[in-house]
Participant: 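The structure that follows is given in the form of structure tokens.
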Amino acid sequence: MDRRRGARLSAVDEDVERVLIDEDVIGKRLNVIAEEILEEFGGQEFVAIVILKGALVFTADLLRRMPVPLQIETLNVASYHGGTESSGQVDILDGKLPDVKGKRVLLIDDILDTGRTLHEVGKKLREQGAEMVRSCVLLSKDKERAVEVGADYTGFLIGDEFVVGYGLDYRGRYRNLPYVGVLKDECIG
Ligand code: 5GP
Ligand code: MG
């Protein structure tokens, strides 16, 4: 198997109908977002809160572009429950938020869809006394949201379709694709 960086992972690639955002394009965009975030946080310490599991890959690549003191915390949130449509309910799975009192927080998620996740988690962090909460998503779906919420930093605006790769899954798979893509119809069911 070809293990070069960027090489296709053939077994999962076969299920992909089309690549929406290529690995190189993602990397270049991350350079820009990382600069913007650093500028706003002014090089001062902050807490990056990663929404699991979808934002893992994005976060790892983004934070390695930020040579400043920071902490990484994780939050286990579920809203899809295995399908391709949001369930409309956001559950913090282990029921516990990291300690953010008086801290500056960067909330990182993979994708902004209905907006419920960012809205709910952002609200909880502010209630817990975070000094400042900024949000960052790799993708934002161009659609009307269930709740009025935007991300402070967005990688790419995409159409209203179900995507996988670069951290995003379908039934637990495809997170390791190095690009963002759309699955073939026969792979969704
Ligand atoms: P929201 O709460 O904004 O509706 O949804 C956010 C969460 O839904 C994301 O963190 C992600 O886990 C999931 N999600 C939304 N759209 C997609 C998609 O197109 N593909 C995948 N794999 N997950 C999605
Ligand atoms: Mg998620």
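Throughout, residue positions are numbered sequentially from 1 according to the sequence presented. Every number for a ligand or one of its atoms is a count from 1 in the order of the listing.
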Participant: Which ligand 1 atoms does Lys141 reach within 4.0 Å, using its non-hydrogen atoms?
Facilitator: 16 (N), 17 (C), 18 (C), 19 (O)

Participant: At a 4.0 Å threshold, what atoms of ligand 1 neighbour a non-hydrogen atom of Gly115?
Facilitator: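 It comes down to these atoms of ligand 1: 1 (P), 3 (O), 4 (O).
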
Participant: What part of Glu161 sits under 4.0 Å from ligand 1 if we count only heavy atoms: the side chain, the backbone, both or neither?
Facilitator: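 Backbone only.
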
Participant: Between Arg134 and Glu36 (salt bridge meaning N to carboxylate O under 4.0 Å), is one present in this structure?
Facilitator: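 The answer is no: the pair does not qualify as a salt bridge.
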
Participant: My understanding is that we take every heavy atom of each candidate and find the minimum distance to atom 1 (P) of ligand 1. Doing that for Thr114, Val77, Val180, which one comes out nearest?
Facilitator: Thr114

Participant: Rounded to the nearest 0.5 Å, what separation is found between the CG atom of Asn176 and the CG atom of Leu56?
Facilitator: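 Nearest 0.5 Å value for the CG-CG distance: 12.0 Å.
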
Participant: First locate atom CG of Leu138, then atom OG1 of Thr59, and finally report the distance between them rounded to the nearest 0.5 Å.
Facilitator: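 If we round to the nearest 0.5 Å, Leu138:CG and Thr59:OG1 are 9.5 Å apart.
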
Participant: Look at Asp113 together with Lys143 and state whether they make a salt bridge at an N to O cut-off of under 4.0 Å.
Facilitator: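 Looking at Asp113 and Lys143, the cut-off is met.
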
Participant: Quick check: Val163 and ligand 1, any N/O pair under 3.5 Å apart?
Facilitator: yes

Participant: So if I count the atoms of ligand 1 from 1 in the order they appear, which ones are less than 4.0 Å from some heavy atom of Asp109?
Facilitator: 10 (O)

Participant: From atom 6 (C) of ligand 1, work out which of Asp110, Ile111, Val137, Leu138 has a heavy atom at the shortest distance.
Facilitator: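 Nearest option to atom 6 (C) of ligand 1, by heavy atoms: Ile111.
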
Participant: Going by the atom numbers of ligand 1, which of them fall below 4.0 Å from some non-hydrogen atom of Thr117?
Facilitator: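 Answer, ordered by atom number: 1 (P), 2 (O), 5 (O), 6 (C).
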
Participant: What is the ring orientation for Phe46 with Phe41, classed by angle as parallel under 30°, tilted 30 to 60°, or perpendicular over 60°?
Facilitator: tilted

Participant: Could you tell me whether ligand 1 has any atom less than 4.0 Å away from a heavy atom of Phe162?
Facilitator: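 Flag set, Phe162 near ligand 1.
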
Participant: Report the distance from atom OH of Tyr166 to atom CG of Asp61, rounding to the nearest 0.5 Å.
Facilitator: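 It is 3.5 Å, given to the nearest 0.5 Å.
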
Participant: So how far is it from Leu97 CG to Leu125 CG, rounded to the nearest 0.5 Å?
Facilitator: 5.5 Å

Participant: Provide the number and element of each atom of ligand 1 under 4.0 Å from a heavy atom of Asp169.
Facilitator: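 Taking each heavy atom of Asp169 in turn, ligand 1 has 21 (C), 22 (N) under 4.0 Å.
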
